[in-house]
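For this chain, numbers begin at 1 and follow the sequence in order.
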Amino acid sequence: MTETLLQRRERLLGNTTLFYDDPVHLVRGEGVWVWDADGRKYLDCYNNVPHVGHCHPKVVEAIATQAATLNTHSRYLHEGVLDYAERLTAQMHPSLTRLMMVCTGSEANDVALRMAEAVTGHRGMIVTDHTYHGNTTAVAALSRTNVARTGDSSWVGFVPAPDAYRGTDADAFTAEVEARIAELQASAHGFAGMMLCPFFANEGFPDVAPGFLDGAVAAVRAAGGMVIADEVQPGFGRLGSHMWGYDYQGIVPDVVTMGKPMGNGHPVAAVVARADVQDAFRETFRYFNTFGGNPVSCAAALAVLDVLEEEELQAQALDVGDYAKNLLQELANKHEIIGNVRGKGMFFGAEFVTDRTAKTPASDLTIQVVEAMRQRGVLLNKVGRNYATLKVRPNLQFTRSHADQLVDTLDQVLGGLT
(Lines give C-alpha, C1' and ligand atoms only; values in the text may rest on other atoms or scores of the structure.)
Protein backbone atom coordinates (compact mmCIF):
# COMPACT_ATOMS: atom_id res chain seq x y z
CA MET A 1 0.00 0.00 0.00
CA THR A 2 1.35 3.44 -0.92
CA GLU A 3 1.88 5.65 2.12
CA THR A 4 -0.17 8.85 2.00
CA LEU A 5 1.29 12.30 2.56
CA LEU A 6 -0.58 12.53 5.87
CA GLN A 7 0.80 9.17 7.00
CA ARG A 8 4.34 10.18 6.10
CA ARG A 9 3.89 13.45 8.02
CA GLU A 10 2.63 11.61 11.09
CA ARG A 11 5.55 9.20 10.96
CA LEU A 12 8.30 11.73 10.28
CA LEU A 13 7.37 15.05 11.89
CA GLY A 14 6.94 16.27 15.44
CA ASN A 15 4.30 18.51 16.95
CA THR A 16 3.07 20.11 13.75
CA THR A 17 -0.63 20.74 13.18
CA LEU A 18 -2.56 21.26 9.98
CA PHE A 19 -5.37 23.61 9.04
CA TYR A 20 -8.76 22.24 8.01
CA ASP A 21 -10.46 18.85 8.30
CA ASP A 22 -9.39 18.25 4.72
CA PRO A 23 -5.81 19.65 4.71
CA VAL A 24 -4.64 21.59 1.67
CA HIS A 25 -1.58 20.28 -0.21
CA LEU A 26 -0.09 23.47 -1.62
CA VAL A 27 2.50 23.37 -4.39
CA ARG A 28 2.65 26.91 -5.84
CA GLY A 29 1.91 30.53 -5.01
CA GLU A 30 1.71 33.84 -6.83
CA GLY A 31 0.43 37.16 -5.51
CA VAL A 32 -2.66 36.43 -3.39
CA TRP A 33 -3.18 33.00 -4.97
CA VAL A 34 -2.00 29.50 -4.08
CA TRP A 35 -2.54 26.22 -5.95
CA ASP A 36 -2.86 22.70 -4.59
CA ALA A 37 -1.45 19.48 -5.99
CA ASP A 38 -4.62 18.92 -8.03
CA GLY A 39 -4.33 22.31 -9.70
CA ARG A 40 -7.11 23.96 -7.68
CA LYS A 41 -6.67 27.69 -7.11
CA TYR A 42 -7.31 29.30 -3.71
CA LEU A 43 -7.63 32.93 -2.63
CA ASP A 44 -5.22 33.24 0.29
CA CYS A 45 -6.81 35.52 2.85
CA TYR A 46 -4.72 34.38 5.79
CA ASN A 47 -0.97 34.17 5.31
CA ASN A 48 0.92 37.27 6.41
CA VAL A 49 4.31 35.66 5.76
CA PRO A 50 4.43 36.56 2.01
CA HIS A 51 3.80 40.17 3.02
CA VAL A 52 4.19 41.69 -0.46
CA GLY A 53 2.75 38.68 -2.30
CA HIS A 54 3.58 35.03 -2.79
CA CYS A 55 6.83 34.66 -4.75
CA HIS A 56 7.14 38.36 -5.53
CA PRO A 57 9.64 38.48 -8.44
CA LYS A 58 11.71 41.30 -6.92
CA VAL A 59 12.18 39.44 -3.64
CA VAL A 60 12.89 36.16 -5.43
CA GLU A 61 15.51 37.87 -7.60
CA ALA A 62 17.17 39.52 -4.61
CA ILE A 63 17.44 36.20 -2.77
CA ALA A 64 18.77 34.32 -5.80
CA THR A 65 21.31 37.00 -6.72
CA GLN A 66 22.74 37.27 -3.23
CA ALA A 67 22.72 33.50 -2.69
CA ALA A 68 24.77 33.15 -5.86
CA THR A 69 27.25 35.75 -4.59
CA LEU A 70 27.88 35.25 -0.86
CA ASN A 71 26.13 34.02 2.26
CA THR A 72 27.83 33.80 5.65
CA HIS A 73 27.28 34.89 9.22
CA SER A 74 27.53 38.46 10.49
CA ARG A 75 30.96 38.26 12.13
CA TYR A 76 32.40 39.44 8.84
CA LEU A 77 31.87 42.95 7.54
CA HIS A 78 29.10 43.28 4.98
CA GLU A 79 27.06 46.24 3.74
CA GLY A 80 23.76 44.37 3.56
CA VAL A 81 22.87 44.35 7.24
CA LEU A 82 23.98 47.97 7.64
CA ASP A 83 21.94 49.13 4.65
CA TYR A 84 18.92 47.36 6.08
CA ALA A 85 19.43 48.80 9.57
CA GLU A 86 19.51 52.33 8.12
CA ARG A 87 16.44 51.78 5.96
CA LEU A 88 14.37 50.14 8.69
CA THR A 89 15.17 52.40 11.63
CA ALA A 90 14.54 55.46 9.43
CA GLN A 91 10.88 54.40 9.43
CA MET A 92 10.65 54.07 13.21
CA HIS A 93 10.56 56.44 16.17
CA PRO A 94 13.82 58.45 16.39
CA SER A 95 14.68 56.85 19.74
CA LEU A 96 14.71 53.36 18.19
CA THR A 97 18.12 53.32 16.55
CA ARG A 98 19.74 49.93 17.15
CA LEU A 99 18.94 46.77 15.18
CA MET A 100 19.66 43.17 16.11
CA MET A 101 18.89 40.61 13.40
CA VAL A 102 17.61 37.13 14.28
CA CYS A 103 15.71 34.47 12.35
CA THR A 104 12.26 34.16 13.93
CA GLY A 105 9.76 36.19 15.91
CA SER A 106 10.21 33.74 18.78
CA GLU A 107 13.92 34.54 18.90
CA ALA A 108 13.20 38.25 18.70
CA ASN A 109 10.79 38.12 21.64
CA ASP A 110 13.16 35.96 23.65
CA VAL A 111 15.91 38.54 23.16
CA ALA A 112 13.49 41.34 24.10
CA LEU A 113 12.71 39.65 27.41
CA ARG A 114 16.42 39.46 28.17
CA MET A 115 16.81 43.12 27.26
CA ALA A 116 14.15 44.01 29.82
CA GLU A 117 15.94 41.89 32.42
CA ALA A 118 19.28 43.49 31.58
CA VAL A 119 17.92 47.02 32.00
CA THR A 120 15.76 46.49 35.10
CA GLY A 121 17.51 43.64 36.89
CA HIS A 122 14.14 41.92 37.16
CA ARG A 123 12.26 39.26 35.22
CA GLY A 124 8.53 39.71 35.89
CA MET A 125 6.58 40.42 32.71
CA ILE A 126 2.96 41.41 32.00
CA VAL A 127 1.02 40.09 28.98
CA THR A 128 -2.63 39.57 28.13
CA ASP A 129 -4.32 36.26 28.89
CA HIS A 130 -4.97 35.42 25.24
CA THR A 131 -1.75 36.32 23.53
CA TYR A 132 0.96 34.44 21.67
CA HIS A 133 4.57 35.55 21.35
CA GLY A 134 6.45 32.48 20.18
CA ASN A 135 7.96 29.09 20.90
CA THR A 136 11.11 29.38 23.00
CA THR A 137 10.90 28.18 26.61
CA ALA A 138 10.66 31.76 27.86
CA VAL A 139 8.13 33.21 25.43
CA ALA A 140 5.99 30.05 25.45
CA ALA A 141 5.35 30.77 29.13
CA LEU A 142 3.67 34.04 28.06
CA SER A 143 0.78 32.16 26.48
CA ARG A 144 -2.28 30.79 28.25
CA THR A 145 -3.67 29.38 25.00
CA ASN A 146 -1.03 26.62 24.78
CA VAL A 147 -0.14 25.91 28.40
CA ALA A 148 2.69 23.42 28.92
CA ARG A 149 2.40 20.62 31.46
CA THR A 150 5.78 21.52 32.93
CA GLY A 151 7.71 24.72 33.60
CA ASP A 152 7.30 27.75 35.82
CA SER A 153 5.37 30.80 34.70
CA SER A 154 5.12 32.49 38.08
CA TRP A 155 7.16 35.38 36.63
CA VAL A 156 4.30 36.22 34.22
CA GLY A 157 1.40 38.48 35.20
CA PHE A 158 -1.67 38.04 33.02
CA VAL A 159 -4.22 40.79 32.39
CA PRO A 160 -7.59 40.21 30.68
CA ALA A 161 -7.42 40.76 26.93
CA PRO A 162 -9.48 43.79 25.88
CA ASP A 163 -12.88 43.10 24.35
CA ALA A 164 -14.25 46.38 23.01
CA TYR A 165 -17.31 44.63 21.56
CA ARG A 166 -18.43 43.77 25.08
CA GLY A 167 -17.34 46.97 26.74
CA THR A 168 -13.72 46.79 27.92
CA ASP A 169 -12.38 50.29 28.59
CA ALA A 170 -8.90 51.74 28.92
CA ASP A 171 -9.24 52.56 32.63
CA ALA A 172 -10.15 48.96 33.45
CA PHE A 173 -7.21 47.67 31.41
CA THR A 174 -4.84 50.10 33.15
CA ALA A 175 -6.14 49.01 36.57
CA GLU A 176 -5.40 45.38 35.74
CA VAL A 177 -1.87 46.30 34.63
CA GLU A 178 -1.30 48.25 37.85
CA ALA A 179 -2.51 45.28 39.90
CA ARG A 180 -0.11 42.88 38.15
CA ILE A 181 2.75 45.34 38.60
CA ALA A 182 2.14 45.39 42.35
CA GLU A 183 1.99 41.58 42.50
CA LEU A 184 5.22 41.14 40.57
CA GLN A 185 7.00 43.80 42.62
CA ALA A 186 6.04 41.88 45.76
CA SER A 187 7.38 38.62 44.31
CA ALA A 188 10.92 37.31 44.02
CA HIS A 189 10.82 38.06 40.28
CA GLY A 190 10.33 41.81 40.50
CA PHE A 191 8.86 43.80 37.62
CA ALA A 192 10.62 44.12 34.25
CA GLY A 193 7.94 45.28 31.84
CA MET A 194 5.01 44.59 29.57
CA MET A 195 5.00 42.85 26.18
CA LEU A 196 2.04 43.19 23.87
CA CYS A 197 0.90 43.28 20.27
CA PRO A 198 -0.30 46.89 19.84
CA PHE A 199 -3.13 45.62 17.61
CA PHE A 200 -4.09 42.77 19.99
CA ALA A 201 -4.12 40.44 16.98
CA ASN A 202 -4.44 37.06 18.70
CA GLU A 203 -6.87 38.53 21.20
CA GLY A 204 -9.31 39.01 18.32
CA PHE A 205 -8.15 42.50 17.19
CA PRO A 206 -10.71 44.45 19.28
CA ASP A 207 -11.50 47.96 18.09
CA VAL A 208 -9.56 49.86 20.75
CA ALA A 209 -9.00 53.48 19.81
CA PRO A 210 -5.63 55.23 19.76
CA GLY A 211 -4.78 56.21 23.31
CA PHE A 212 -6.18 53.00 24.80
CA LEU A 213 -2.72 52.00 26.04
CA ASP A 214 -1.66 55.41 27.40
CA GLY A 215 -2.56 54.66 31.01
CA ALA A 216 -1.05 51.18 30.97
CA VAL A 217 2.19 52.42 29.41
CA ALA A 218 2.41 55.25 31.95
CA ALA A 219 1.93 52.75 34.78
CA VAL A 220 4.69 50.52 33.42
CA ARG A 221 7.10 53.43 33.07
CA ALA A 222 6.27 54.78 36.54
CA ALA A 223 7.21 51.39 37.97
CA GLY A 224 10.54 51.38 36.13
CA GLY A 225 9.45 48.78 33.58
CA MET A 226 9.97 48.52 29.86
CA VAL A 227 7.40 48.43 27.06
CA ILE A 228 7.95 45.82 24.33
CA ALA A 229 5.85 46.02 21.15
CA ASP A 230 5.48 42.78 19.20
CA GLU A 231 4.93 43.95 15.61
CA VAL A 232 5.06 40.52 13.93
CA GLN A 233 1.43 40.86 12.82
CA PRO A 234 0.55 44.59 12.61
CA GLY A 235 3.91 45.88 11.39
CA PHE A 236 5.26 46.86 7.97
CA GLY A 237 2.22 48.84 6.87
CA ARG A 238 -0.40 46.15 7.36
CA LEU A 239 -2.72 48.53 9.22
CA GLY A 240 -2.68 50.93 6.28
CA SER A 241 -2.80 54.16 8.24
CA HIS A 242 0.51 53.52 10.01
CA MET A 243 3.69 51.56 9.38
CA TRP A 244 3.62 50.15 12.93
CA GLY A 245 0.94 49.18 15.40
CA TYR A 246 2.62 51.21 18.15
CA ASP A 247 2.35 54.32 15.94
CA TYR A 248 -1.37 53.70 15.52
CA GLN A 249 -1.76 53.41 19.29
CA GLY A 250 0.32 56.55 19.82
CA ILE A 251 2.88 54.98 22.14
CA VAL A 252 6.68 54.80 21.99
CA PRO A 253 8.00 51.39 23.04
CA ASP A 254 11.48 50.75 24.40
CA VAL A 255 11.86 47.63 22.25
CA VAL A 256 10.14 46.54 19.03
CA THR A 257 10.17 42.96 17.76
CA MET A 258 9.27 41.82 14.27
CA GLY A 259 9.39 38.66 12.21
CA LYS A 260 7.46 36.80 9.53
CA PRO A 261 6.63 39.57 7.02
CA MET A 262 10.18 40.94 6.94
CA GLY A 263 11.57 38.56 4.32
CA ASN A 264 8.37 37.62 2.48
CA GLY A 265 8.81 33.98 3.43
CA HIS A 266 12.56 33.96 3.91
CA PRO A 267 13.26 33.46 7.66
CA VAL A 268 14.11 36.97 8.85
CA ALA A 269 13.31 38.64 12.18
CA ALA A 270 14.69 41.49 14.25
CA VAL A 271 14.74 43.46 17.47
CA VAL A 272 14.96 47.24 17.35
CA ALA A 273 15.60 49.16 20.56
CA ARG A 274 17.07 52.29 22.05
CA ALA A 275 20.86 52.36 22.08
CA ASP A 276 21.07 52.25 25.88
CA VAL A 277 18.82 49.18 25.97
CA GLN A 278 20.98 47.33 23.45
CA ASP A 279 24.11 48.37 25.35
CA ALA A 280 22.71 46.96 28.61
CA PHE A 281 21.85 43.71 26.84
CA ARG A 282 25.34 43.42 25.35
CA GLU A 283 26.96 44.02 28.74
CA THR A 284 24.72 41.49 30.49
CA PHE A 285 24.31 38.61 28.04
CA ARG A 286 26.64 36.92 25.59
CA TYR A 287 24.64 36.57 22.38
CA PHE A 288 25.35 35.57 18.80
CA ASN A 289 22.98 34.39 16.08
CA THR A 290 24.65 32.44 13.27
CA PHE A 291 22.05 33.12 10.61
CA GLY A 292 20.65 36.43 11.86
CA GLY A 293 21.66 39.26 9.52
CA ASN A 294 23.21 37.03 6.86
CA PRO A 295 23.54 38.66 3.41
CA VAL A 296 20.74 36.65 1.77
CA SER A 297 18.25 37.42 4.55
CA CYS A 298 19.13 41.11 4.41
CA ALA A 299 18.75 41.14 0.62
CA ALA A 300 15.26 39.66 0.98
CA ALA A 301 14.33 42.15 3.69
CA LEU A 302 15.60 45.12 1.68
CA ALA A 303 13.61 43.97 -1.34
CA VAL A 304 10.45 43.85 0.78
CA LEU A 305 10.97 47.48 1.81
CA ASP A 306 11.54 48.39 -1.85
CA VAL A 307 8.30 46.72 -2.95
CA LEU A 308 6.29 48.30 -0.14
CA GLU A 309 7.45 51.73 -1.27
CA GLU A 310 7.43 51.29 -5.04
CA GLU A 311 4.00 49.66 -5.19
CA GLU A 312 2.48 51.89 -2.47
CA LEU A 313 1.13 48.84 -0.68
CA GLN A 314 0.53 50.53 2.65
CA ALA A 315 -1.92 52.96 1.00
CA GLN A 316 -3.52 50.05 -0.81
CA ALA A 317 -3.94 48.21 2.49
CA LEU A 318 -5.83 51.16 3.94
CA ASP A 319 -8.11 51.56 0.93
CA VAL A 320 -8.91 47.88 0.45
CA GLY A 321 -9.31 47.28 4.17
CA ASP A 322 -11.92 50.04 4.48
CA TYR A 323 -13.68 48.73 1.38
CA ALA A 324 -13.75 45.16 2.70
CA LYS A 325 -15.06 46.21 6.11
CA ASN A 326 -17.89 48.12 4.45
CA LEU A 327 -18.80 45.00 2.47
CA LEU A 328 -18.79 42.92 5.65
CA GLN A 329 -20.98 45.49 7.40
CA GLU A 330 -23.50 45.27 4.55
CA LEU A 331 -23.40 41.49 4.95
CA ALA A 332 -24.13 41.90 8.66
CA ASN A 333 -27.42 43.56 7.73
CA LYS A 334 -28.35 40.32 5.99
CA HIS A 335 -26.99 37.68 8.35
CA GLU A 336 -27.82 37.82 12.07
CA ILE A 337 -24.86 35.62 12.92
CA ILE A 338 -22.49 38.56 12.27
CA GLY A 339 -22.38 40.41 15.57
CA ASN A 340 -19.42 42.70 15.03
CA VAL A 341 -17.27 43.78 12.07
CA ARG A 342 -13.85 45.17 12.91
CA GLY A 343 -10.20 45.50 11.94
CA LYS A 344 -7.88 47.85 10.14
CA GLY A 345 -6.09 47.69 6.81
CA MET A 346 -5.19 44.16 5.79
CA PHE A 347 -6.30 42.68 9.11
CA PHE A 348 -10.05 42.55 9.49
CA GLY A 349 -12.92 40.17 10.12
CA ALA A 350 -16.21 39.56 11.83
CA GLU A 351 -17.22 38.04 15.15
CA PHE A 352 -20.05 35.51 14.93
CA VAL A 353 -22.70 35.27 17.65
CA THR A 354 -25.74 33.11 18.27
CA ASP A 355 -27.56 36.07 19.85
CA ARG A 356 -26.77 39.69 19.01
CA THR A 357 -28.34 41.02 22.20
CA ALA A 358 -26.48 38.66 24.51
CA LYS A 359 -23.42 38.68 22.22
CA THR A 360 -23.02 34.94 22.73
CA PRO A 361 -19.97 33.70 20.77
CA ALA A 362 -20.81 31.25 17.97
CA SER A 363 -17.57 29.26 18.21
CA ASP A 364 -18.83 26.03 16.61
CA LEU A 365 -20.46 27.87 13.72
CA THR A 366 -17.24 29.81 13.12
CA ILE A 367 -15.40 26.53 12.62
CA GLN A 368 -18.06 25.49 10.11
CA VAL A 369 -17.62 28.77 8.24
CA VAL A 370 -13.83 28.38 8.06
CA GLU A 371 -14.16 24.85 6.71
CA ALA A 372 -16.86 25.80 4.20
CA MET A 373 -14.81 28.74 2.91
CA ARG A 374 -11.87 26.41 2.34
CA GLN A 375 -14.09 24.07 0.35
CA ARG A 376 -15.11 27.05 -1.81
CA GLY A 377 -11.52 28.11 -2.47
CA VAL A 378 -10.95 30.80 0.15
CA LEU A 379 -8.36 30.29 2.90
CA LEU A 380 -8.81 32.06 6.24
CA ASN A 381 -9.09 31.14 9.91
CA LYS A 382 -10.50 31.97 13.33
CA VAL A 383 -9.06 33.85 16.30
CA GLY A 384 -9.97 35.47 19.62
CA ARG A 385 -10.74 34.36 23.15
CA ASN A 386 -13.70 32.25 22.02
CA TYR A 387 -12.36 31.55 18.52
CA ALA A 388 -15.56 33.02 17.16
CA THR A 389 -13.93 35.75 15.10
CA LEU A 390 -13.15 35.26 11.43
CA LYS A 391 -9.51 36.21 10.90
CA VAL A 392 -8.81 37.77 7.51
CA ARG A 393 -5.12 38.66 7.13
CA PRO A 394 -4.10 38.51 3.46
CA ASN A 395 -0.88 39.80 2.00
CA LEU A 396 -0.75 43.38 0.77
CA GLN A 397 -1.40 42.49 -2.87
CA PHE A 398 -5.06 41.97 -1.89
CA THR A 399 -7.34 44.28 -3.94
CA ARG A 400 -10.97 45.35 -3.99
CA SER A 401 -11.83 42.61 -6.47
CA HIS A 402 -10.37 40.03 -4.10
CA ALA A 403 -12.46 41.54 -1.29
CA ASP A 404 -15.53 41.16 -3.50
CA GLN A 405 -14.77 37.47 -4.02
CA LEU A 406 -14.16 36.94 -0.30
CA VAL A 407 -17.42 38.55 0.80
CA ASP A 408 -19.50 36.97 -1.99
CA THR A 409 -18.23 33.55 -0.96
CA LEU A 410 -18.89 34.29 2.72
CA ASP A 411 -22.43 35.34 1.82
CA GLN A 412 -22.99 31.96 0.16
CA VAL A 413 -21.56 30.09 3.12
CA LEU A 414 -23.61 31.96 5.71
CA GLY A 415 -26.73 31.45 3.64
CA GLY A 416 -26.19 27.70 3.81
CA LEU A 417 -25.68 27.43 7.58
CA THR A 418 -28.16 25.27 9.45
Side-chain angles (χ1 to χ4, degrees), residues 19-20 32 42-48 130 161-168 197 199-209 233-234 238-241 245 248 317-396 398-418:
F19 289 148
Y20 311 115
V32 297
Y42 297 83
L43 178 64
D44 185 0
C45 297
Y46 183 77
N47 290 292
N48 69 324
H130 199 84
D163 184 353
Y165 178 40
R166 293 172 178 83
T168 299
C197 166
F199 190 60
F200 296 105
N202 287 301
E203 293 86 339
F205 51 97
D207 271 335
V208 294
Q233 295 196 70
R238 175 163 295 280
L239 301 187
S241 60
Y248 170 67
L318 180 62
D319 172 74
V320 178
D322 287 345
Y323 177 77
K325 281 178 61 180
N326 287 334
L327 292 179
L328 284 174
Q329 194 57 61
E330 292 173 5
L331 205 61
N333 297 330
K334 181 178 178 181
H335 298 283
E336 286 288 321
I337 188 177
I338 300 178
N340 184 237
V341 172
R342 58 180 182 262
K344 190 166 180 59
M346 284 296 95
F347 203 136
F348 56 90
E351 182 166 351
F352 297 144
V353 294
T354 57
D355 184 316
R356 280 188 176 178
T357 301
K359 300 179 180 178
T360 307
S363 304
D364 291 342
L365 285 174
T366 305
I367 294 172
Q368 291 181 39
V369 170
V370 169
E371 294 289 344
M373 293 291 284
R374 172 259 183 270
Q375 293 298 333
R376 288 166 174 78
V378 177
L379 305 181
L380 38 67
N381 217 310
K382 60 190 184 301
V383 75
R385 183 187 299 278
N386 300 292
Y387 296 101
T389 300
L390 209 61
K391 182 180 184 180
V392 185
R393 187 191 55 182
N395 67 56
L396 271 58
F398 199 77
T399 66
R400 287 188 173 207
S401 65
H402 300 132
D404 289 335
Q405 179 180 341
L406 162 68
V407 176
D408 286 347
T409 306
L410 182 59
D411 186 18
Q412 297 170 23
V413 167
L414 297 182
L417 288 178
T418 56

*Within residues 380-391 or reaching into it, pairs that qualify as salt bridge (Lys or Arg N to Asp or Glu O under 4.0 Å) - sequence neighbours excluded*: Asp129-Arg385
*Flag the pair Pro234 / Tyr248 as yes when at least one side-chain heavy-atom distance between them is below 4.5 Å, and no otherwise.*
no
*Say you draw a straight line from CG of Asp163 to CG of Asp207; how long is it, rounded to the nearest 0.5 Å?*
11.0 Å
*Just wondering, do Leu396 and Arg238 contact through their side chains at under 4.5 Å, heavy atoms?*
yes
*To the nearest 0.5 Å, how far apart are CG in Leu414 and CD in Gln368?*
11.0 Å
_Over all atoms of both residues, closest heavy-atom pair of Gly321 and Met346_ = N-CE, 3.5 Å
_Salt-bridge contact Asp319-Arg400 (side-chain N to carboxylate O under 4.0 Å)_ = yes
*Taking only residues two or more places apart in sequence, or in another chain, which ones meet Thr399 in a side-chain hydrogen bond (donor to acceptor under 3.5 Å, both in side chains)?*
Ser401, His402
*Is there a side-chain contact between Pro162 and Val208, using heavy atoms and a 4.5 Å cut-off?*
yes
*For Cys45, enumerate each residue passing the side-chain contact (heavy atoms from CB on, under 4.5 Å) test, keeping only those at least two apart in sequence or located in another chain.*
Leu43, Val378, Leu380, Val392, Phe398, Leu406
*Who are the side-chain hydrogen bond (donor to acceptor under 3.5 Å, both in side chains) partners of Arg342, not counting sequence neighbours?*
Asn340, Glu351, Thr389
*About how many Å separate OH of Tyr20 and CD of Gln375, when rounded to the nearest 0.5 Å?*
10.0 Å
*For Ala350, check side-chain contact (heavy atoms from CB on, under 4.5 Å) against everything at least two apart and list the hits.*
Ile338, Val341, Phe352
*State which residues pass salt bridge (charged side-chain N to carboxylate O under 4.0 Å, His left out) with Asp322; sequence neighbours excluded, sorted by chain then number.*
none
*Taking all non-hydrogen atoms of both residues into account, name the closest pair between Ala317 and Gly240 and its distance.*
CB-CA, 4.1 Å
_Once side-chain contact (heavy atoms from CB on, under 4.5 Å) is applied, do any residues pair with Asp355, and if so which ones, sequence neighbours excluded?_
Thr357, Ala358, Thr360
*Could you tell me which residues satisfy side-chain hydrogen bond (donor to acceptor under 3.5 Å, both in side chains) with Asn47, sequence neighbours excluded, listed by chain and number?*
Asp44
*Return the set of residues passing side-chain hydrogen bond (donor to acceptor under 3.5 Å, both in side chains) with Tyr46 (not counting sequence neighbours), or none when no residue passes.*
none
*Considering non-hydrogen atoms only, spot the tightest contact between Leu390 and Phe205 and give its length.*
O-CZ, 3.7 Å
*Rounded to the nearest 0.5 Å, what's the gap from CD on Gln233 to CG on Leu239? Could you check?*
10.5 Å
*Mind listing the closest non-hydrogen atom pair of Arg166 and Pro361 along with its distance?*
NH2-CG, 3.7 Å
*Straight-line distance of Leu410 CG to Leu328 CG, nearest 0.5 Å*: 6.5 Å
*Which residue pairs pass the ring pair (Phe, Tyr, Trp, His ring centres under 6.0 Å) test with at least one member in residues 356-396, sequence neighbours excluded?*
His130-Tyr387
_Can you see whether Phe199 has Lys344 sitting over its ring - NZ or CZ less than 6.0 Å from the centre and within 45° of the normal?_
no
*asked:* Run the side-chain contact (heavy atoms from CB on, under 4.5 Å) test against Asp364 and tell me which residues pass, sequence neighbours left out.
replied: none
*asked:* Show the nearest heavy-atom pair for residues Tyr323 and Ala403, with the distance to one decimal.
replied: CD2-CB, 4.0 Å
*Hey, could you give me the OG1/CG distance between Thr366 and Asn381, rounded to the nearest 0.5 Å?*
10.5 Å
_My understanding is that only residues two or more places apart in sequence, or in another chain, count here; which of them pass salt bridge (charged side-chain N to carboxylate O under 4.0 Å, His left out) with Glu336?_
Arg356
*Locate the shortest heavy-atom distance separating Val383 from Gly204; write the atom from each residue and the value.*
CG1-CA, 4.0 Å
*Counting distance only, does the side-chain N/O of Lys359 pair as donor-acceptor with the main-chain N or O of Tyr165 below 3.5 Å?*
yes
